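All values reported here derive from a predicted model rather than from experimental measurement.
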Amino acid sequence: MSGEPTSGAEPSSGAPSGGGEGGEGLKLGAPAQTTGDGGTGVLEITPDTVVFAKTGSGETAENGVFAVVTMRDKATTAVAVDEPAPISGGGWKWMAPDGEMVDTQVGNAFNVVMDKYNNADPVQPDAWQWRAQVFDLTPAQAKGGTLIYIDGENKAHRWQMPSTDSGPHVAEVKKQLEP
């Protein structure tokens, strides 16, 4: 995969599953309408940039490569909405090309923090915020894959991930990863 620009990515047809469980998935830059934590509200999530790096925030990837994915979360209903926590079975996973699932708690991923993309508060109605997820992957796991988000109704939303730095914020993310 060549890391094509995301400006031409078509949004989904509005199906809440954003590619759905078992679906082929969306491309980087395409939004998905998701249900918030506890089944409350609608959160439109748009992963827009992926950066692969051996180090980030002064940390070294324990498994070889950090995959840093930034996303824009927007509340589209009249209530504040948040992403489910991993402890509830929701949240983010990286599915490697061989099907192995990796979560954000593996290796040194949890220690990588970027100021602009470090928002974790519920998103207020009609507002949005930048967030990021970091995965500590082996080089084989970082050769593309599928970004999976499990929402507040346990529905899987999938985005196909390129194997090279891609998206409109690559330079900014790389700068934020510097120690």
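- Taking 4.5 Å as the limit, some side-chain heavy atom of Pro168 sits within range of a side-chain heavy atom of Thr49.
- Considering only heavy atoms from C-beta on, Trp159 comes within 4.5 Å of Leu26 through its side chain.
- The side chain to side chain contact (heavy atoms under 4.5 Å, CB included) test applied to Ala127 returns Val123, Gln124, not counting sequence neighbours.
- Heavy-atom minimum distance, Asp82 versus Ala120: OD2-O, 3.7 Å.
- Transitive grouping of hydrophobic side chains (ILVMFWY, heavy atoms separated by less than 4.5 Å) brings Trp130 and Val170 into a common cluster.
- With sequence neighbours excluded, no residue forms a salt bridge (Lys or Arg N to Asp or Glu O under 4.0 Å) with Lys175.
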Checking Glu83 against Ile45 for the side chain to side chain contact (heavy atoms under 4.5 Å, CB included) test, could you report, in this order, the C-alpha distance in whole Å, the side-chain angles of both residues, the deciding distance, and whether it holds? CA-CA 10 Å; Glu83 295 179 0; Ile45 298 178; 4.0 Å; yes

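- Using a 4.5 Å cut-off between side-chain heavy atoms of Ile, Leu, Val, Met, Phe, Trp and Tyr, with links allowed through other members, Val50 and Leu177 fall into different hydrophobic clusters.
- Distance check: Asp121 CG to Gln129 CD gives 6.5 Å after rounding to the nearest 0.5 Å.
- With sequence neighbours left out, Thr138 forms a side-chain hydrogen bond (donor to acceptor under 3.5 Å, both in side chains) with Gln141.
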Run the side chain to side chain contact (heavy atoms under 4.5 Å, CB included) test on Asp151 and His157 for me, step by step, so that the C-alpha distance in whole Å, both residues' side-chain angles and the decisive distance to 0.1 Å come before the verdict. CA-CA 8 Å; Asp151 74 6; His157 305 268; 2.9 Å; yes

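- The two residues Ala140 and Pro97 have their closest heavy-atom pair at O-CD, 3.8 Å.
- Val79 pairs by the side chain to side chain contact (heavy atoms under 4.5 Å, CB included) definition with Thr40, Thr77, not counting sequence neighbours.
- The side-chain heavy atoms of Met95 and Arg158, taken from C-beta on, include a pair separated by under 4.5 Å.
- Residue pairs that meet the side chain to side chain donor-acceptor pair (under 3.5 Å) test with at least one member in residues 104-118, sequence neighbours left out, are Lys116-Glu172, Tyr117-Glu172.
- Following chains of ILVMFWY side-chain contacts shorter than 4.5 Å, one can reach Val112 starting from Val173, so the two form part of one hydrophobic cluster.
- There is a path of hydrophobic side-chain contacts, each under 4.5 Å, that joins Trp128 to Met114.
- Considering only residues two or more places apart in sequence or on other chains, Glu62 meets the salt bridge (Lys or Arg N to Asp or Glu O under 4.0 Å) condition with none of them.
- The side-chain heavy atoms of Thr146 and Gln160, taken from C-beta on, include a pair separated by under 4.5 Å.
- For Glu59, there are no side-chain hydrogen bond (donor to acceptor under 3.5 Å, both in side chains) partners, not counting sequence neighbours.
- Under a hydrophobic-cluster definition in which Ile, Leu, Val, Met, Phe, Trp and Tyr are linked whenever side-chain heavy atoms come within less than 4.5 Å, directly or via other members, Leu147 and Val102 are assigned to the same cluster.
- Side-chain contact check for Val51 versus His169: every heavy-atom pair is 4.5 Å or farther apart.
- Residue pairs meeting the salt bridge (charged side-chain N to carboxylate O under 4.0 Å, His left out) criterion with at least one partner in residues 87-105, sequence neighbours excluded, do not occur; the list is empty.
- Annotation: side chain to side chain contact (heavy atoms under 4.5 Å, CB included) contacts of Lys54 (sequence neighbours excluded): none.
- Annotation: side chain of Thr34 is not in contact with side chain of Lys155 (no heavy-atom distance under 4.5 Å).
- Screening residues 134-156 for ring pair (Phe, Tyr, Trp, His ring centres under 6.0 Å), with sequence neighbours left out, gives Trp92-Tyr149, Trp94-Phe135.
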Do any side-chain atoms of residues 64-74 form donor-acceptor pairs under 3.5 angstrom with protein atoms, and if so which ones, sequence neighbours left out?
residue : atom : partner : partner atom : Å
Thr70   : OG1  : Asp48   : OD1          : 2.6
Asp73   : OD2  : Arg131  : NE           : 3.4

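- The minimum heavy-atom distance between Pro84 and Ile150, with the atom names listed, is CG-O, 3.6 Å.
- A donor-acceptor pair under 3.5 Å links the side-chain atoms of Ser166 to the main chain of Thr164, judged by distance alone.
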